[in-house]
There are 2 protein chains.
Amino acid sequence: MKYEAVTIKDIAKALGLSTSTVSRALRDSYEISPETKKIVIEYAQQINYRPNPIALSLKEKRSRSIGIIVCEIANSFFSQAINGIESIAYDKGYNVIIAQSHESYEREILNLQYLASRSIDGLLISVSSETENLDHLINLHKRGFPIVFFDRVVENLDTHKVGVDNYKGAYDATSELIKNGHQNIAMLAGSEFLSITKERVAGYHQALTDHKIAFDASQIEYCLHGGMNYQEVENALGSLLANNNKPSAVIASADKLTTNCLRYFKSKDLEVPNDIAMIGFSNLDLTDLLSPSLSVIRQPAYEIGQVAIELLIKQIENKRPTTEFEKIILPPQMIIRESSGAKKAR
Amino acid sequence: MKYEAVTIKDIAKALGLSTSTVSRALRDSYEISPETKKIVIEYAQQINYRPNPIALSLKEKRSRSIGIIVCEIANSFFSQAINGIESIAYDKGYNVIIAQSHESYEREILNLQYLASRSIDGLLISVSSETENLDHLINLHKRGFPIVFFDRVVENLDTHKVGVDNYKGAYDATSELIKNGHQNIAMLAGSEFLSITKERVAGYHQALTDHKIAFDASQIEYCLHGGMNYQEVENALGSLLANNNKPSAVIASADKLTTNCLRYFKSKDLEVPNDIAMIGFSNLDLTDLLSPSLSVIRQPAYEIGQVAIELLIKQIENKRPTTEFEKIILPPQMIIRESSGAKKAR
DNA sequence: CTAAAAACCGGGAACGATTGCATAAATAAA
DNA sequence: TTTATTTATGCAATCGTTCCCGGTTTTTAG
């Protein structure tokens with residue numbers, strides 16, 4: 001331990017100056033003569049002086065660190081989004097503290113308290129799938145604390161929001177399956193609390209309607225934990241396949257849902273896409289290597305992260321409180337591979 | 001912004017006490033009368049007082065945050081390890097700051113400077129595959145700064161180290177392929193700088209020797225960036241397959257290497273395991289869904305993270321400088337699936 | 001040659017919390 | 001009653017940095 005860093009005082013003492021002069025010299029103040037500046041800066045460099053960020057935080061009442069809350073970092077979408085966030089944050093001198101909710105409302109609140117106590121300057125959050133009550137976020141927001149939602153945005157809170165066009169993603173996916181001859185298309189949806197789920201369901205619904213296919217509510221199964229545990233997906237698919245109106249294709253509306261759906265079909269020896277076709281939202285970068293290769297709706301995760309952090313930093317560094325909030329919607333990308341293949345005659 | 005937190009001063013003023021009394025009352029000092037304590041504690045609770053961690057850090061010269069440097073968080077092994085790290089760290093009141101080297105030596109140094117400037121109390125690092133020179137770490141270590149290496153440990157530095165038995169993992173994998181009738185087994189290895197690569201190569205070598213198969217150095221190709229870019233893997237496999245002594249099986253010694261190897265075989269229309277068999281180190285949890293399903297050597301990533309952070313915190317909280325360092329080796333797990341299947345007559 | 005204006009630098013308070021020391025009052029012992 | 005001891009509280013320094021407020025030169029203007 002005992003990792004004694006060199007301070008501005010050490011420099012002052014060594015050079016026979018006052019701390020204020022040293023401080024000003026290092027910050028290139030006009031009040032300091034060029035010669036003094038030169039001496040101070042050179043000496044500081046020589047002994048490898050680094051300003052203490054903690055002392056600065058205390059003085060400036062900001063920590064230059066921002067909090068991120070996601071459900072899981074071991075999820076392609078989020079790890080990509082975090083990469084996007086970091087790429088900008090580090091450039092602007094912010095560091096990020098990452099917390100995981102593991103899709104639990106309770107842990108989300110705990111995380112938030114924790115981050116708040118670490119005095120972060122702002123928050124980037126994609127709410128847990130259990131999150132229905134928003135009081136914990138509303139409280140902070142009311143006190144002017146900067147919050148930006150990404151991906152899983154919420155409705156009743158006026159802040160910056162960044163996500164994809166979920167409606168379009170689901171609409172396109174559904175249309176693709178219909179184009180391939182499927183009439184009975186089920187939806188394996190995420191948590192009903194999430195607006196992204198609602199939007200995806202709406203896109204699915206509309207595509208059916210536009211193609212003159214009757215909408216059947218029993219063709220939708222919601223997974224509260226977004227497919228985090230396999231059991232949940234197993235139950236959902238079990239009841240979808242037991243439907244009178246047995247589906248010939250499935251849309252999975254989240255990363256984990258997609259892979260667990262495929263896993264389920266494998267375990268039941270259902271051949272994709274012949275026995276049942278599928279297409280899913282996923283940001284995995286090896287969906288091309290799966291068996292069969294997966295048709296997916298991919299979200300621009302990296303860009304979402306970048307846009308979100310930019311909005312957040314802009315809000316943090318704003319002198320006046322922000323009143324105009326932006327909602328930015330990026331387009332999803334559909335990649336067609338084998339799993340959504342045309343339904344063959346049997 | 002103006003997110004004004006309540007301080008100990010506010011309490012003191014409101015209650016007509018001094019800040020020292022309030023501080024002591026909140027820390028339950030014996031010097032404060034029970035009545036005063038009660039008043040202070042109740043009022044603090046009422047106005048939701050939280051001690052300012054930054055002020056504390058400044059005073060106590062510790063930030064209660066630890067740094068993690070890994071190559072990529074979007075890598076199953078590392079995201080699982082980070083989960084393990086967090087599970088312990090948060091319990092003990094530490095937060096973690098994650099930085100990614102993206103397998104670049106240069107960025108690793110930048111990250112280290114950054115983390116040091118954020119005055120972390122300790123460091124958990126899995127070095128980049130480019131890292132050969134260790135001066136940046138040696139400097140810190142000499143000054144008594146707590147560092148724990150995990151997974152990619154280095155040799156010439158006396159610190160705590162946590163990893164898996166790479167030798168055994170590679171030995172078992174090689175033996176499995178030999179058992180399945182393969183005599184020409186190539187190795188797609190990671191960076192030559194990394195000790196884990198050396199250990200894996202050694203395990204592979206020994207297994208060949210033990211089975212009376214001649215070792216051929218041209219059957220090994222090293223990938224400096226550990227498979228981060230596909231190009232690298234493409235070149236390596238290209239030259240392995242162009243060998244006179246053409247391999248009938250390949251061992252991939254890292255996560256990205258494994259998946260990119262499979263991707264290469266697909267692109268060349270090589271059927272696995274009939275045209276060429278493979279087994280790889282991987283912590284992906286959908287290797288069972290790949291086509292073919294992959295035989296893998298899996299590392300206990302979560303546990304590695306947990307053990308590493310425990311050692312680090314122990315060292316941080318030690319009064320006296322640590323002199324005895326531990327090296328903990330956990331066992332890998334071999335999961336046999338289709339890709340390593342017996343070689344069929346053609 | 002004097003007065004005003006730059007130019008340059010130091011003292012010390014402040015940020016929020018802890019803590020050794022001093023001090024006051026209250027109680028106990030002599 | 002006087003002295004010693006305990007009890008309860010306050011003062012002030014400290015951590016590293018910035019910045020307001022002065023102060024002392026030196027330069028410039030009249």
Side-chain angles (χ1 to χ4, degrees), chain A residues 1-41 43-45 47-65 93 116-121, chain B residues 1-41 43-45 47-65 93 116-121:
Chain A
M1 291 261 343
K2 313 284 136 46
Y3 173 66
E4 298 296 340
V6 27
T7 77
I8 226 169
K9 257 186 212 167
D10 300 328
I11 301 180
K13 200 172 293 171
L15 263 39
L17 293 168
S18 76
T19 59
S20 4
T21 306
V22 174
S23 171
R24 272 184 274 248
L26 292 171
R27 324 195 92 242
D28 203 27
S29 159
Y30 67 97
E31 294 183 287
I32 305 297
S33 71
E35 306 90 63
T36 314
K37 272 184 196 169
K38 186 158 171 285
I39 295 171
V40 171
I41 290 173
Y43 183 73
Q45 215 147 32
I47 61 172
N48 195 31
Y49 166 79
R50 309 251 163 236
N52 181 326
I54 296 190
L56 282 175
S57 294
L58 182 59
K59 189 112 229 304
E60 315 221 318
K61 300 212 183 220
R62 58 190 302 221
S63 59
R64 292 196 82 86
S65 64
S117 87
R118 303 292 315 189
S119 50
I120 52 171
D121 293 342
Chain B
M1 277 268 337
K2 317 284 134 45
Y3 172 64
E4 297 295 340
V6 26
T7 77
I8 223 169
K9 257 186 211 166
D10 302 329
I11 301 181
K13 200 172 291 171
L15 263 38
L17 291 169
S18 76
T19 59
S20 15
T21 306
V22 174
S23 171
R24 273 184 271 250
L26 290 171
R27 325 198 91 237
D28 201 28
S29 160
Y30 67 98
E31 297 181 288
I32 305 296
S33 72
E35 307 89 64
T36 312
K37 272 184 196 168
K38 188 158 170 287
I39 296 172
V40 171
I41 290 172
Y43 182 74
Q45 214 147 33
I47 62 172
N48 194 32
Y49 165 79
R50 307 250 165 235
N52 180 325
I54 296 189
L56 282 175
S57 293
L58 184 58
K59 184 119 221 330
E60 315 227 317
K61 301 218 181 214
R62 55 189 307 219
S63 58
R64 291 199 81 87
S65 65
S117 86
R118 304 292 315 188
S119 49
I120 51 172
D121 293 342

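Quick caveat: nothing in here was measured; it's all calculated off a predicted structure. Labels below follow one simple rule: chain letters A, B, ... track the order of the sequence lines, proteins then strands, and each chain is numbered from 1. Keep in mind that the numbers below use all heavy atoms, side chains included, and drop hydrogens, waters and symmetry copies.
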Review item, side-chain donor-acceptor pairs of residues 13-21 of chain A, under 3.5 Å, at least two apart:
from, atom 1, to, atom 2, distance (Å)
A/S18, OG, A/S20, N, 3.4
A/S18, OG, A/S20, OG, 3.2
A/S18, OG, A/T21, N, 3.2
A/S18, OG, A/T21, OG1, 3.0

Sequence neighbours excluded, every pair satisfying side-chain hydrogen bond (donor to acceptor under 3.5 Å, both in side chains) that has a member inside residues 47-57 of chain B =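 side-chain hydrogen bond (donor to acceptor under 3.5 Å, both in side chains) check on residues 47-57 of chain B returns B/N48-B/R50.
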Look at the side chain of A/R62 and the backbone N and O of A/D121, then say whether any donor-acceptor pair between them is shorter than 3.5 Å.
->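 No, because the side chain of A/R62 does not come within donor-acceptor range (under 3.5 Å) of the backbone of A/D121.
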Is a side-chain N or O of B/R24 found less than 3.5 angstrom from the main chain of B/I32, in a donor-acceptor match?
->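 Flag not set: sc B/R24 to bb B/I32 has no pair under 3.5 Å.
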Between atom [atom1] in [X] and atom [atom2] in [N], what is the gap in whole Å?
X	N	atom1	atom2	result
A/E35	C/dA7	CD	P	13 Å
A/L15	C/dC9	CG	C1'	14 Å
B/Y30	D/dT6	OH	P	12 Å
B/K13	C/dA17	NZ	P	13 Å
B/L17	C/dA17	CG	C1'	16 Å

Measure the OH-CG distance between B/Y43 and B/D10 for me, rounded to the nearest 0.5 Å.
->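 Output value for this atom pair is 7.5 Å.
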Partner residues of B/K38 under the salt bridge (Lys or Arg N to Asp or Glu O under 4.0 Å) criterion, sequence neighbours left out |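 Residues passing salt bridge (Lys or Arg N to Asp or Glu O under 4.0 Å) with B/K38: B/E42.
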For B/S57, report the nucleic acid contact type (base, sugar-phosphate, nothing); a contact means any heavy atom under 4.0 Å.
->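 No contact.
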Answer with base, sugar-phosphate or nothing: what part of the nucleic acid does B/I54 contact at a heavy-atom distance below 4.0 Å?
->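 If one applies the 4.0 Å heavy-atom cut-off, B/I54 turns out to touch nothing in the nucleic acid.
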Is the shortest side-chain N/O distance from B/K61 to OP1 or OP2 of D/dG16 below 4.0 Å?
->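 For D/dG16, OP1/OP2 do have a side-chain N/O of B/K61 under 4.0 Å.
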For the helix from C/dC1-D/dG30 to C/dA30-D/dT1, what angle lies between the axis at the first five pairs and the axis at the last five pairs, to 10 degrees?
->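 The angle separating the two end axes equals 60°.
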How does protein contact run along nucleotides 17-23 of chain D, one letter per nucleotide 5' to 3', with B for base contact, S for sugar-phosphate only, - for none, heavy atoms under 4.0 Å?
-> BBBB---
Which residues share a side-chain hydrogen bond (donor to acceptor under 3.5 Å, both in side chains) with A/S119, sequence neighbours left out =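 For A/S119, no residue satisfies side-chain hydrogen bond (donor to acceptor under 3.5 Å, both in side chains) once neighbours in sequence are set aside.
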